[in-house]
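When a residue number appears, it is its place in the shown sequence, counting from 1.
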Amino acid sequence: MTQKNRILIVEDEQKLAKLAADYLQNADFTTAILNHGDSVLPWVKQQHPDLILLDLMLPGRDGLSICREIRGFSQIPIIMVTARIEEIDRLLGLEMGADDYICKPYSPREMVARVKAVLRRLQPQTPEPHAEGLTLDANSFRVLAAGREIELTAVEFQLLQTLYRQPGHIFSRSKLMDLVYPDQRIVSDRTIDSHIKKLRKKLDELLPDQELIHSVYGAGYRYDRQPADHA
């Protein structure tokens, strides 16, 4: 990358924020640090970082509400940082649409690896046309058809891209989890189900007369070019 990616670190623990910034700078990123939840949204709208490392527990606005509001106007990749294991499914898509998460206490090297992995999903790729008239643009996570477009999160885009490249092939939830989260972290089936539900809803806005992603009872999901009699 000729231009350094800018990472916003939102963390109220000063030593941890400085440590994260040091490791990211050593990995050739530029960084900015905010330590209060109330300052995040104005800063993001003005500065447009390439990725946000967002702590869950902050003074002022908490990380969940910040993530929710950012998703209302931007698909900037967000990696949530949490010590609350029970929140992980929510963070990854049941409600918030975060792209990834890191549990405290975390290894700074693992954090840098996660940042790089999420940003790799954003690297320019040639938009892919599809038989249904869809065009998938991995540069912007947009899907276009019939003069309309929708914008997906990084995880939603990766799921759609995986499914439609092999129409008719049934992907189990565990296989999709391995593809979306290759570090083999422990997440529940509900996480994939939630992403698929949100993806279907967005595709229905684009092509309301076609059901492209289908549930296969007890097996997983498949992409189908023809409308099915049942999900």
Distance-minimising heavy-atom pair for [X] and [Y]:
{"X": "K116", "Y": "A27", "answer": "CE-CB, 4.1 Å"}
{"X": "V118", "Y": "I79", "answer": "CG2-CD1, 4.0 Å"}
{"X": "E156", "Y": "K202", "answer": "OE1-NZ, 2.7 Å"}

To the nearest 0.5 angstrom, please state how far the [atom1] atom of [X] sits from the [atom2] atom of [Y].
{"X": "I78", "Y": "L54", "atom1": "CD1", "atom2": "CG", "result": "6.5 Å"}
{"X": "R142", "Y": "T135", "atom1": "CZ", "atom2": "OG1", "result": "13.5 Å"}
{"X": "K4", "Y": "D50", "atom1": "NZ", "atom2": "CG", "result": "13.0 Å"}
{"X": "E149", "Y": "D137", "atom1": "CD", "atom2": "CG", "result": "9.0 Å"}
{"X": "I7", "Y": "M111", "atom1": "CD1", "atom2": "CE", "result": "9.5 Å"}
{"X": "K197", "Y": "S215", "atom1": "NZ", "atom2": "OG", "result": "11.5 Å"}

Is there a donor-acceptor pair under 3.5 Å between the side chain of [X] and the backbone N or O of [Y]?
{"X": "D55", "Y": "L58", "result": "no"}
{"X": "R6", "Y": "A32", "result": "no"}
{"X": "S194", "Y": "R190", "result": "no"}
{"X": "R222", "Y": "H214", "result": "no"}

Could you tell me whether the side chain of [Y] reaches within less than 4.5 Å of the side chain of [X], counting heavy atoms only?
{"X": "F29", "Y": "L119", "answer": "yes"}
{"X": "D193", "Y": "R173", "answer": "yes"}
{"X": "L160", "Y": "L203", "answer": "yes"}
{"X": "F141", "Y": "Q161", "answer": "no"}
{"X": "V40", "Y": "R61", "answer": "no"}
{"X": "R200", "Y": "Y221", "answer": "yes"}

* Hey, mind stepping through I213 and L159 against side-chain contact (heavy atoms from CB on, under 4.5 Å) and telling me if it holds? -> CA-CA 10 Å; I213 297 176; L159 283 171; over 6 Å; no
* Are the charged groups of R114 and E110 less than 4.0 angstrom apart, N to O? -> yes
* Asked: Does a salt bridge link R71 with D99, judged by any charged N lying under 4.0 Å from a carboxylate O?
  ->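 A salt bridge is present here (some side-chain N lies under 4.0 Å from a carboxylate O).
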State whether the number of non-hydrogen atoms from other residues, nucleotides or ligands found under 6.0 Å of [X] atom [atom1] is greater than 12.
{"X": "Q47", "atom1": "CD", "answer": "yes"}
{"X": "K175", "atom1": "NZ", "answer": "no"}
{"X": "R109", "atom1": "CZ", "answer": "no"}

* Structure fact -> Which of T31, N5, T30 passes side-chain contact (heavy atoms from CB on, under 4.5 Å) with L24? Answer is T31
Without placing hydrogens or testing angles, list every side-chain donor-acceptor pair under 3.5 Å for residues 12-21, not counting sequence neighbours.
{"unit_1": "E13", "atom_1": "OE2", "unit_2": "K104", "atom_2": "NZ", "d": "3.1"}
{"unit_1": "K18", "atom_1": "NZ", "unit_2": "D22", "atom_2": "OD1", "d": "2.9"}
{"unit_1": "K18", "atom_1": "NZ", "unit_2": "D22", "atom_2": "OD2", "d": "3.0"}

* To do: Apply the test side-chain contact (heavy atoms from CB on, under 4.5 Å) to residues L53 and I102: give CA-CA distance (whole Å), side-chain angles for both, the deciding distance (0.1 Å), then the verdict.
  => CA-CA 9 Å; L53 198 64; I102 302 173; 4.1 Å; yes
* To do: For F73 and V44, run side-chain contact (heavy atoms from CB on, under 4.5 Å): C-alpha distance rounded to whole Å, both residues' side-chain angles, the deciding distance at 0.1 Å, then the answer.
  => CA-CA 10 Å; F73 65 86; V44 169; 4.3 Å; yes
